[in-house]
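Worksheet: one structure, shown below.
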Amino acid sequence: MKTILSAALVLGLCGLAGAQGEKANPVGTWKCEYEIGDQKRMSTLTIKKDGDKLAGTMSWPDQKETKLKDVKLKAGDLTFSAERVFMDNKLTIEYKLTINGDKLKGKGAAEIGGEKREFDIEGKREKKDK
């Protein structure tokens, strides 16, 4: 009985260590939600692997795809910037998102009128059809 218990414990710990060592994978299409001024908003984030680098686009219901700049993944944190256009105004939004499986969570930040404003953002990776 002790042998079976010991084996189960070792296998459980090995599985846990493997899960912690698993690298975050940002590749895919993410449906994101955030709130600005008490209004719920949505965006679609698409990340692709371009050789050994990451690339992608972001789009919103009122703005077509814009290419992401400086896409980087470090220790599960995905960072990039995207240009958002409101009427005739262009804003660069800096994102820092933490990936956990098929979910991401983090912040977006933009400088508006000389003041840095942040908002929380969450997303889920879309499932691929089999």
Side-chain angles (χ1 to χ4, degrees):
M1 186 68 169
K2 282 185 179 180
T3 306
I4 292 172
L5 257 163
S6 296
L9 185 59
V10 168
L11 287 173
L13 289 174
C14 288
L16 186 60
Q20 289 175 341
E22 192 176 302
K23 216 175 175 187
N25 178 14
V27 175
T29 300
W30 302 81
K31 292 295 181 185
C32 302
E33 292 183 353
Y34 56 98
E35 217 171 273
I36 295 179
D38 293 330
Q39 286 189 335
K40 199 170 227 170
R41 303 185 186 241
M42 297 174 65
S43 63
T44 302
L45 170 66
T46 304
I47 303 289
K48 297 176 183 172
K49 195 102 163 141
D50 185 11
D52 62 344
K53 293 184 178 185
L54 294 171
T57 59
M58 194 165 216
S59 59
W60 298 265
D62 63 345
Q63 181 181 339
K64 292 182 181 176
E65 290 183 347
T66 186
K67 284 187 179 184
L68 305 180
K69 297 175 186 160
D70 302 319
V71 184
K72 294 182 179 112
L73 180 68
K74 185 176 181 180
D77 288 335
L78 180 68
T79 58
F80 61 90
S81 64
E83 188 173 80
R84 185 76 167 102
V85 179
F86 292 109
M87 293 178 241
D88 291 332
N89 301 315
K90 291 182 181 181
L91 294 173
T92 299
I93 303 175
E94 303 286 333
Y95 291 91
K96 183 176 183 182
L97 309 170
T98 301
I99 297 173
N100 187 355
D102 286 335
K103 293 183 179 179
L104 59 77
K105 192 174 191 174
K107 294 209 176 273
E111 195 171 302
I112 301 170
E115 185 181 317
K116 186 176 181 180
R117 298 192 186 187
E118 291 186 333
F119 58 91
D120 294 324
I121 183 169
E122 293 185 17
K124 291 181 183 176
R125 188 187 331 244
E126 287 188 332
K127 300 288 183 196
K128 292 182 182 177
D129 292 336
K130 291 183 180 180

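Rounded to the nearest 0.5 angstrom, Glu122 CD and Tyr34 OH are separated by 14.0 Å. Separating the OG1 atom in Thr92 from the CD atom in Glu94 is a distance of 7.0 Å, to the nearest 0.5 Å. The OG atom of Ser43 sits 11.0 Å away from atom CG of Asp62, with the distance rounded to the nearest 0.5 Å. Atom CE of Met58 is separated from atom CD1 of Ile47 by 8.5 Å, given to the nearest 0.5 angstrom.
Here the closest heavy-atom approach between residue Gly76 and residue Ala24 is recorded as CA-CB, 3.7 Å. Of all heavy-atom pairs between Leu73 and Leu78, the closest is CD1-N, 4.0 Å. Summarising the geometry of Ala55 relative to Val71, their closest heavy-atom pair is CA-CG2, 4.3 Å, with the distance given to 0.1 Å. Here the closest heavy-atom approach between residue Ile99 and residue Asn25 is recorded as CG2-O, 4.2 Å.
Side-chain heavy atoms closer than 4.5 Å link hydrophobic residues (I, L, V, M, F, W, Y) into clusters, and following such links, even through other members, never connects Ile93 to Val85. When hydrophobic clusters are built by joining Ile, Leu, Val, Met, Phe, Trp and Tyr residues whose side-chain heavy atoms come closer than 4.5 Å, directly or via intermediates, Ile112 is grouped together with Phe86.
Arg117 places none of its side-chain heavy atoms less than 4.5 Å from the side chain of Ile36.
Listed by first and then second residue, the salt bridge (Lys or Arg N to Asp or Glu O under 4.0 Å) pairs involving residues 32-54 amount to none (not counting sequence neighbours).
For Thr44, the side chain to side chain donor-acceptor pair (under 3.5 Å) test picks out Lys31, with sequence neighbours left out.
Here the side chain of Glu83 pairs no donor or acceptor atom with the backbone of Lys69 at under 3.5 angstrom.
Tested against Trp60, the residues Arg84, Met42, Glu65 include a single side chain to side chain contact (heavy atoms under 4.5 Å, CB included) partner, Arg84. Among the candidates Ile121, Thr29, Leu97, Thr57, the single residue satisfying the side chain to side chain contact (heavy atoms under 4.5 Å, CB included) test with Leu45 is Leu97.
Using cut-offs of 30° and 60° on the angle between ring planes, the pair Phe119 and Tyr95 is perpendicular.
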Show me the donor-acceptor pairs, under 3.5 Å and distance only, between side chains in residues 104-111 and residues at least two apart or in other chains.
unit_1	atom_1	unit_2	atom_2	d
Lys107	NZ	Asp120	OD1	2.5

